[in-house]
A.B. asks: 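Handing you this structure, nothing more for now.
In this chain, residues are counted from 1 in sequence order. Keep in mind that this is a model prediction, so the values were computed, not measured.
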Amino acid sequence: MVNRRTVLKIGATALTGTVVNVPVFQHAASTRPHDALQRAVFDDRFAECQAFATKLESAGAVTSAVRGDVAKLWYEDLRASLSNNKRALLAGLTDRPALFCLEELARDVGMRVIFRADHITEQNGHTQHAAVGLASLVAVARNLPQENGFGRAVAALFSQFDFSGLNISGAGDTSAQKRTGPFSPENKTALVSWLIA
């Protein structure tokens, strides 16, 4: 069971850039955190997204690169696997246009964005994070590194979070949906980490 103290520990480790063995999961069965994630999607054009995917792959998660064609990834792969598992979670670190498309396509299978964190990187490398959605994840996202390394920190956060207690069915909080348009601010890189359920 994840409690407030555990979430704060995860946030502290993400802030320092180290991940320690925090006893996040206390289930009778040995459930690994990424088992709740159906897939992790990333944009292989960005180093932070590649670090995100590498971290989740090392934890045993299945990752998929967008490779410039979100529709192909959705219709040839993701849609079928998500349709067969109504309690699935899809995590990602992509650019805004990819999330914009995936958010629309996810409605085909009754899914929606339940968490999103915008990561706006200035030309000098400083990154600002703005998160909405699941309160426990939003609280930790405030402490993400403001320089290189936030992709790994987001992956660590997702891989350590206990999704088993989430109520992801039906209508709910819509604060994480369609928060921004698909375009980046001028002279900045805009990436988005997100969860679709």
A.B. asks: Just do the side chain to side chain contact (heavy atoms under 4.5 Å, CB included) check on V109 and W74 with the steps written out, would you?
C.D. replies: CA-CA 11 Å; V109 293; W74 180 260; 4.0 Å; yes
A.B. asks: Looking at CG of L157 and CG of N143, how far apart are the two atoms once the value is rounded to the nearest 0.5 Å?
C.D. replies: 10.5 Å
A.B. asks: Under the 3.5 angstrom rule, does the side chain of Q50 hit a backbone N or O of R45 as a donor-acceptor pair?
C.D. replies: no
A.B. asks: Using the rule given for salt bridge (Lys or Arg N to Asp or Glu O under 4.0 Å), can you reason through R67 versus D69, listing the C-alpha separation, both sets of side-chain angles and the distance that settles it, and then say yes or no?
C.D. replies: CA-CA 6 Å; R67 301 202 194 288; D69 194 348; over 6 Å; no
A.B. asks: What's the spacing between R107 CZ and L102 CG if we round to 0.5 Å?
C.D. replies: 12.5 Å
A.B. asks: Please round to the nearest 0.5 Å and tell me the distance separating atom CZ of R96 and atom CG of L191.
C.D. replies: 9.5 Å
A.B. asks: For S159 and L56, what are the C-alpha separation, side-chain angles and deciding distance, and is it a side chain to side chain contact (heavy atoms under 4.5 Å, CB included)?
C.D. replies: CA-CA 7 Å; S159 69; L56 286 176; 3.8 Å; yes
A.B. asks: Measure the CG-OG distance between D44 and S64 for me, rounded to the nearest 0.5 Å.
C.D. replies: 11.0 Å
A.B. asks: If you group Ile, Leu, Val, Met, Phe, Trp and Tyr by side-chain heavy-atom gaps below 4.5 Å, do V192 and I120 land in one group?
C.D. replies: no
A.B. asks: Could you pull out the closest heavy-atom pair between M111 and A88, with the gap in Å?
C.D. replies: CE-O, 3.5 Å
A.B. asks: Closest heavy-atom contact between A71 and L105?
C.D. replies: CA-CD1, 4.5 Å
A.B. asks: Run the side chain to side chain contact (heavy atoms under 4.5 Å, CB included) check on L82 and I196 step by step: do they pass?
C.D. replies: CA-CA 10 Å; L82 295 173; I196 293 177; over 6 Å; no
A.B. asks: If only atom types and distance count, is the side chain of H129 paired as donor or acceptor with the main-chain N or O of P145 below 3.5 Å?
C.D. replies: yes
A.B. asks: Please report the C-alpha distance between D95 and V66 in whole Å, then the side-chain angles of each, then the deciding distance to 0.1 Å, and finally whether the side chain to side chain contact (heavy atoms under 4.5 Å, CB included) criterion is met.
C.D. replies: CA-CA 10 Å; D95 63 359; V66 172; over 6 Å; no
A.B. asks: Within a strict 4.5 Å, meaning less than it, do heavy atoms of the W194 and T94 side chains meet?
C.D. replies: yes
A.B. asks: Are I114 and L89 side-chain neighbours, meaning at least one heavy-atom pair lies under 4.5 Å?
C.D. replies: yes
A.B. asks: If I compare all heavy atoms of G151 with all of E48, which pair ends up nearest, and what's the gap?
C.D. replies: N-OE1, 2.6 Å
A.B. asks: Would a single hydrophobic cluster contain both V138 and F158, if residues Ile, Leu, Val, Met, Phe, Trp and Tyr are joined by side-chain heavy-atom contacts under 4.5 Å?
C.D. replies: yes
A.B. asks: Could you report the tightest heavy-atom contact between S81 and R39, atom names first, then the distance?
C.D. replies: OG-NH2, 4.3 Å
A.B. asks: Working to the nearest 0.5 Å, report the span between CG of L99 and CG of D43.
C.D. replies: 11.5 Å
A.B. asks: Going by heavy atoms in the side chains, are L195 and L137 under 4.5 Å from each other?
C.D. replies: yes
A.B. asks: Name all pairs fulfilling the ring pair (Phe, Tyr, Trp, His ring centres under 6.0 Å) condition that reach into residues 40-69, sequence neighbours left out, sorted by first residue then second.
C.D. replies: none
A.B. asks: For the CG atom of L78 and the CG atom of L73, what is their distance to the nearest 0.5 Å?
C.D. replies: 4.0 Å
